[in-house]
2 protein chains.
Amino acid sequence: MGEQEKIRVLSVDDHPLLSEGIATIINSQPDMELISQASSGTEAIQRYREHQPDVTLMDLRLPDLSGIDAMIAIRTEFPEARIIMLTTFEGDVEIHRALQAGARAYLLKNMPPSEIVDVIRQVRAGKKRVPPEIAAQLAEHMGDDELTAREVEVLRKVAGGNRNRDIADLLFISEETVKVHVKHIMDKLGAKDRTQAIAIAVRRGIIEL
Amino acid sequence: MGEQEKIRVLSVDDHPLLSEGIATIINSQPDMELISQASSGTEAIQRYREHQPDVTLMDLRLPDLSGIDAMIAIRTEFPEARIIMLTTFEGDVEIHRALQAGARAYLLKNMPPSEIVDVIRQVRAGKKRVPPEIAAQLAEHMGDDELTAREVEVLRKVAGGNRNRDIADLLFISEETVKVHVKHIMDKLGAKDRTQAIAIAVRRGIIEL
DNA sequence: GTGTTCATACCACGAACGGGGTATTGAAAA
DNA sequence: TTTTCAATACCCCGTTCGTGGTATGAACAC
């Protein structure tokens with residue numbers, strides 16, 4: 001394999017320690033080279049424009065934009081961009097959104113380096129790859145209705161310990177409407193009460209605390 | 001500074017990527033050397049016995065034991081062991097426990113490497129060090145009563161969406177007693193209702209979801 | 001243009017929750 | 001030994017929650 005055929009990788013992560021680890025792993029592969037790094041979403045977009053890497057490793061959680069937004073921005077400009085989401089586990093909502101938005105693979109930060117570089121090679125070859133444990137998570141809630149934006153908004157207020165009456169005042173709607181939203185939320189999440197709804201929503205990554 | 005005075009560091013982390021980053025950072029310091037690594041609690045204890053490092057970097061969350069338990073085991077055998085907890089943020093309960101159990105410092109994985117190596121030097125010199133943002137977290141709830149074991153147990157059932165009646169049956173106590181526990185939980189956490197109690201408890205690391 | 005989804009709103013009712021108080025027991029600490 | 005605290009238990013009572021049903025207007029898709 002000639003030098004000029006090395007896989008050119010861009011890494012985007014705001015954890016310096018992780019970046020360092022990724023750099024070491026990538027550069028220890030004979031067929032890869034890390035051409036640039038970024039530690040924020042806007043920087044990622046700039047670096048992509050500059051280098052147009054073969055594969056981009058992107059953290060989901062970044063200081064400015066979310067990794068998904070950064071990916072969308074890049075893919076709007078470069079629709080063929082091959083981006084791998086690399087993150088600590090964050091519930092299946094974000095995973096689903098990332099794959100919808102065109103991520104070629106979704107990897108966890110605790111995976112062995114061998115698997116990570118393997119996936120980079122596959123993605124560069126045009127394949128997609130989602131590890132089984134994540135695919136299982138996705139399949140688990142495939143048919144589930146997603147919460148609407150309004151429902152998520154209500155859910156956050158619920159998590160704040162607000163009564164229906166208070167939420168109604170905060171959102172300038174009637175208490176009855178809040179009750180309808182809460183009911184729909186519980187139905188969709190399969191929760192027995194509002195408390196479990198919060199627990200489930202946090203696990204799925206629908207809301208953060 | 002002579003070669004024999006290098007700070008001998010043991011790193012314990014089950015994330016290979018992180019371990020790699022730590023190794024790179026440590027070994028790039030002229031006054032430090034990474035003498036061994038472990039990826040589990042029991043392995044950490046063995047490695048400590050073998051090498052008796054000057055400073056140990058320990059992840060809080062490990063496959064077998066918790067980082068705190070591993071630290072306690074090591075410090076029982078080697079009371080002067082200098083151990084730094086290095087972790088992604090996990091609520092202040094674990095931080096507090098780690099410092100109680102004798103951790104010399106508590107660092108976050110997203111800190112710049114310069115700060116990490118700096119703290120390693122200070123700890124080796126016998127100092128303790130907790131970064132301001134963490135110290136603030138600790139001070140925030142200093143006077144707070146901690147939840148009792150029973151209360152935490154009840155809290156978990158609450159998070160599962162159980163009614164007081166159900167929790168009573170699960171724990172073989174009366175519903176009235178459950179209500180007393182729930183009331184105490186809400187009082188101690190400063191929660192307006194059981195739902196907010198879950199939100200607060202998760203944020204503080206009292207329970208996981 | 002018809003159907004679907006979402007957000008809105010109201011009503012009624014029983015179940016669950018949260019606040020107040022009091023009290024007994026056992027264990028741990030002072 | 002006395003005190004303190006945790007866990008247990010019971011009562012009363014007002015508030016909130018969750019469930020059922022029905023309905024309307026706007027937006028969007030087919």
Side-chain angles (χ1 to χ4, degrees), chain A residues 93 96-97 100 141-202 204 206-207 209, chain B residues 93 96-97 100-101 141-202 204 206-207:
Chain A
V93 169
H96 193 251
R97 282 226 295 258
Q100 286 290 10
H141 306 293
M142 268 306 285
D144 294 12
D145 288 327
E146 285 180 16
L147 297 192
T148 66
R150 194 56 157 175
E151 284 162 357
V152 173
E153 196 172 1
V154 170
L155 190 56
R156 283 189 221 282
K157 306 293 184 198
V158 171
N162 295 290
R163 298 169 307 168
N164 292 336
R165 171 79 252 142
D166 298 332
I167 299 173
D169 292 344
L170 288 167
L171 300 181
F172 306 108
I173 56 181
S174 92
E175 179 177 352
E176 300 304 320
T177 302
V178 174
K179 290 172 86 168
V180 172
H181 284 312
V182 172
K183 175 154 188 53
H184 288 161
I185 291 166
M186 292 190 299
D187 287 347
K188 288 181 180 179
L189 297 182
K192 285 189 280 189
D193 61 24
R194 56 178 51 213
T195 304
Q196 194 184 19
I198 297 302
I200 294 172
V202 170
R204 300 226 188 130
I206 296 169
I207 59 171
L209 294 179
Chain B
V93 170
H96 193 253
R97 283 225 296 260
Q100 287 289 10
H141 307 293
M142 269 304 285
D144 295 13
D145 289 326
E146 286 180 16
L147 298 192
T148 66
R150 194 57 156 171
E151 283 163 356
V152 173
E153 197 172 0
V154 170
L155 191 55
R156 283 189 222 281
K157 306 294 185 198
V158 171
N162 294 292
R163 297 169 308 167
N164 293 336
R165 170 80 253 142
D166 297 333
I167 298 172
D169 292 344
L170 287 167
L171 300 181
F172 306 108
I173 56 181
S174 92
E175 179 177 352
E176 301 303 320
T177 302
V178 175
K179 290 172 82 168
V180 172
H181 285 312
V182 172
K183 173 156 188 54
H184 288 161
I185 291 167
M186 292 190 301
D187 286 347
K188 287 180 180 179
L189 296 181
K192 284 188 281 190
D193 61 25
R194 55 176 55 214
T195 304
Q196 194 184 19
I198 297 302
I200 294 172
V202 170
R204 299 227 188 131
I206 297 169
I207 60 172

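Remember, it's a predicted structure, so these values are computed and weren't measured experimentally. Order of the sequence lines sets the chain letters (A, B, ...), proteins ahead of strands, with each chain counted from 1.
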Trainee: Protein within reach of the bases, or only the backbone? For nucleotides 18-30 of chain C, mark each nucleotide 5' to 3' as B, S or -, using heavy atoms under 4.0 Å.
Mentor: BBS----------

Trainee: Cut-off 3.5 Å, side chains only: do His181(A) and Arg150(A) have a donor facing an acceptor?
Mentor: no

Trainee: Who are the side-chain hydrogen bond (donor to acceptor under 3.5 Å, both in side chains) partners of Glu176(B), not counting sequence neighbours?
Mentor: none

Trainee: Which atom names give the shortest non-hydrogen contact between Ile198(B) and Ala159(B), and what distance separates them?
Mentor: CD1-CB, 3.5 Å

Trainee: Could you go through the side-chain contact (heavy atoms from CB on, under 4.5 Å) check for Thr148(A) and Val152(A) one step at a time?
Mentor: CA-CA 6 Å; Thr148(A) 66; Val152(A) 173; over 6 Å; no

Trainee: Please give, in whole Å, the distance from dA7(C) C1' to Phe172(A) CZ?
Mentor: 16 Å

Trainee: Can you tell me the distance, in whole Å, between the CD1 atom of Ile167(A) and the P atom of dA9(C)?
Mentor: 14 Å

Trainee: Strictly below 4.0 Å, heavy-atom distances to any atom of DNA chain D: list the hits from residues 147-160 of chain A, or just say none.
Mentor: none

Trainee: Can you find a side chain N or O atom of Thr177(B) that sits less than 4.0 Å from OP1 or OP2 on dA7(D)?
Mentor: no

Trainee: For His184(B) and dC17(C), what is the distance between atoms NE2 and C1' respectively, to the nearest whole Å?
Mentor: 16 Å

Trainee: Output, in order, the C-alpha distance, side-chain angles, deciding distance and verdict of side-chain contact (heavy atoms from CB on, under 4.5 Å) for Lys192(B) and Met186(B).
Mentor: CA-CA 7 Å; Lys192(B) 284 188 281 190; Met186(B) 292 190 301; over 6 Å; no

Trainee: Between P on dA9(C) and CG on Leu171(A), what's the gap in Å once rounded to a whole number?
Mentor: 11 Å

Trainee: Using atom CG of Asn162(B) as one end and atom C1' of dC17(C) as the other, report the distance to the nearest whole Å.
Mentor: 15 Å

Trainee: Looking only at side-chain N and O atoms, does Asn162(A) offer a donor or acceptor that is under 3.5 Å from a partner on Arg156(A)?
Mentor: no

Trainee: Testing Glu146(B), His141(B), His96(B) for side-chain hydrogen bond (donor to acceptor under 3.5 Å, both in side chains) with Arg204(B), which one passes?
Mentor: His141(B)

Trainee: Over how many whole Å does the gap from Glu175(B) atom CD to dC12(D) atom C1' extend?
Mentor: 14 Å

Trainee: Please state how far atom CD1 in Ile173(B) lies from atom C1' in dA6(D), giving the value in whole angstrom units.
Mentor: 12 Å

Trainee: To the nearest 0.5 Å, how far apart are CG in Leu189(A) and CD1 in Ile200(A)?
Mentor: 5.5 Å

Trainee: At less than 4.0 Å, is any side-chain N or O atom of His181(B) found next to OP1 or OP2 of dT8(D)? Yes or no.
Mentor: yes

Trainee: Heavy atoms only: give me the nearest Ala168(B)-Ser174(B) pair and the separation to one decimal.
Mentor: CB-C, 3.7 Å

Trainee: For a quick check of understanding: with a heavy-atom distance under 4.0 Å over all strands, which category does Ser174(A) fall into, base, sugar-phosphate or nothing?
Mentor: sugar-phosphate

